Each structure stands twice: as C-alpha cells, then as structure tokens.
Amino acid sequence: MRILIAEDDAAIVSFLVKGLKAEGYATAVAATGDEASRYLASSHETFDLVLLDLGLPGTSGLDVLTTFRRRDASLPVIVLTARAEVADKVRGLELGANDYVTKPFSFAELLARIRATLRSSSQPTTNELVVEDLRLDLFTKVAWRGERRIDLAPREWALLELFMRHPTHVLSRTRILNEVWEYGFGPGNNIVDVYVSYLRKKINFDDVEPLILTVRGAGYRLVAH
Ligand code: CA
C-alpha cells in the first residue's frame, strides 16, 4: 500500500512518514499543491490513498482535489484540515474527498480513518471474490479452490485478483502488464504468459474445470462463458 502525503508542514510530514512506515505503508511526499498534482497525474506513480492538506502553498488542496477527481473517481482521499477551515472541509467532501481529519489529530485516529477508508473503497460489499469454486479472501489473502487452499506469491495473487474482478472479460497481455506490474515491459516480454502458467498450475487440478483460458490473439479469460 502506498500513500501520497500532500502536506507542507514539515513536522506533520515527518510524523506521518514515520508512523505510516511503521505500519507498513510506503509513502511519497508533496509539499505544494503543484507537486501533489504532478504526482497524481503521473502514469509512473500509483497510490492507494491520498492524505491531502487543504492549506497547501500554490494550488490549494481543494483545487488539487477538483482537478484530480475529474480524472480519477476511485482513489480515496482523506482531507487534513485545521479547525478554522470547516467550510473548506464541507467543500472537500462535496468535491469527492472520502473522509476528513481535523488538526491536531492523533496518529491512532488517522490510522483508523485510513484503514476504514481503504476497506470501504476496495471492498464495497464483500471481502471475498468468488468465481465458480474459486474463492479469494481479500482480508486474509488466502485463496481456495473448492476445499483446497492455494498459496500464492504476491504477483500471482495480484494477477488472480485481476482475473476474478473481470471473470468473463478477455484481458489482453498489455492490460495485465499495466495493472499487475508497475513498470512497462517491452512487447516481446513474456512475463504475463509465465505468470499465467504458474497460476494455472496452482489453481487447476485434474478433477476440476480448468480456469484461465487462452483466447488466441487476444489474451486470457478466467472462465469459458
Ligand atoms: Ca498547510
């Protein structure tokens, strides 16, 4: 999980970076509105959540949010706001912030908000993905095929989760590369095929319907129909 911290107060930034790191989150820091916008617009950067101070120098936090939400409606944003900025806080929620925390805040309070926001944004209705007899528990990160437990490496997990979120779609190699691997690989690279073959070995058994079908010239699909 990677969090963008858009905040110009160095003391708050240092407190957040240390606290989040200790909780296992990776972070990036933007000290101005423009820098935050650049991070959010970059195709090389991926974040799971944004902590956005409304009182940023340059482009304000509200402007950053307005522009960003036109492009991405799903990345969760928690607004950090001083008590005097209550009207801005309301405006922030109207503009698509998922939650807000009023300064000064305790790290425990912020962490609870972050966890709740990440939970509700990634798992709106359930913490389980089920396709036929294949089951992914998104909380415990355990996969099952029928009664068999399947141990997956992180990249295999990400690949299977992508297939299970789009079980009937044909997913092209390019799309899979873009969604599962952060860095672009050349078109001749066969890493997707290699990982699909790893995954097939783990989820397909002699006595069950094989999943992850090759669609010639197009890519892969989880189920036949
Ligand atoms: Ca500020």
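Residue numbers run from 1 in the order of the sequence given. Here the structure is a predicted model, which means the values were calculated and not measured. Ligands are counted one by one from 1 in listed order, and the atoms in each one are counted from 1 as well. The basis for the numbers below is simple: all heavy atoms, side chains too, and nothing from hydrogens, waters or symmetry mates.
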Tell me which donor-acceptor pairs under 3.5 Å the side chains of residues 192-204 have, and how far apart each pair is, sequence neighbours excluded?
from   : atom 1 : to     : atom 2 : distance (Å)
Asp193 : OD1    : Arg173 : NE     : 2.8
Asp193 : OD1    : Arg173 : NH2    : 2.9
Asp193 : OD1    : Tyr220 : OH     : 2.6
Asp193 : OD2    : Arg173 : NE     : 3.4
Ser197 : OG     : Val194 : O      : 3.1
Arg200 : NE     : Ile212 : O      : 2.8
Arg200 : NH2    : Ile212 : O      : 2.8
Arg200 : NH2    : Thr214 : OG1    : 2.7
Lys202 : NZ     : Asp151 : O      : 3.0
Lys202 : NZ     : Glu156 : OE1    : 2.7
Asn204 : OD1    : Arg145 : NH1    : 3.2
Asn204 : OD1    : Leu211 : N      : 2.8
Asn204 : ND2    : Leu211 : O      : 3.0

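- Between Glu23 and Lys18 there is no salt bridge, since no side-chain N of the basic residue sits under 4.0 Å from a carboxylate O of the acidic one.
- Residues forming a salt bridge (charged side-chain N to carboxylate O under 4.0 Å, His left out) with Arg69 (at least two apart in sequence, or on another chain): none.
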Please table the atom pairs, donor to acceptor, closer than 3.5 Å between any side-chain atom in residues 3-13 and protein atoms at least two apart or in another chain.
from : atom 1 : to     : atom 2 : distance (Å)
Glu7 : OE1    : Lys103 : NZ     : 3.0
Glu7 : OE2    : Asp9   : N      : 2.9
Asp9 : OD1    : Ala11  : N      : 3.0
Asp9 : OD1    : Ile12  : N      : 3.3

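- Checked for salt-bridge contact, Arg38 and Glu45 miss the test: no charged N lies under 4.0 Å from a carboxylate O.
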Exercise for the section: Could you please spell out the steps behind the side chain to side chain contact (heavy atoms under 4.5 Å, CB included) verdict for Leu136 and Trp157? Expected result: CA-CA 9 Å; Leu136 291 193; Trp157 176 277; 3.9 Å; yes

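- Protein contacts to the Ca ion (ligand 1) involving N, O or S atoms at a distance below 3.0 Å are Asp8 OD1, Asp53 OD2, Gly55 O.
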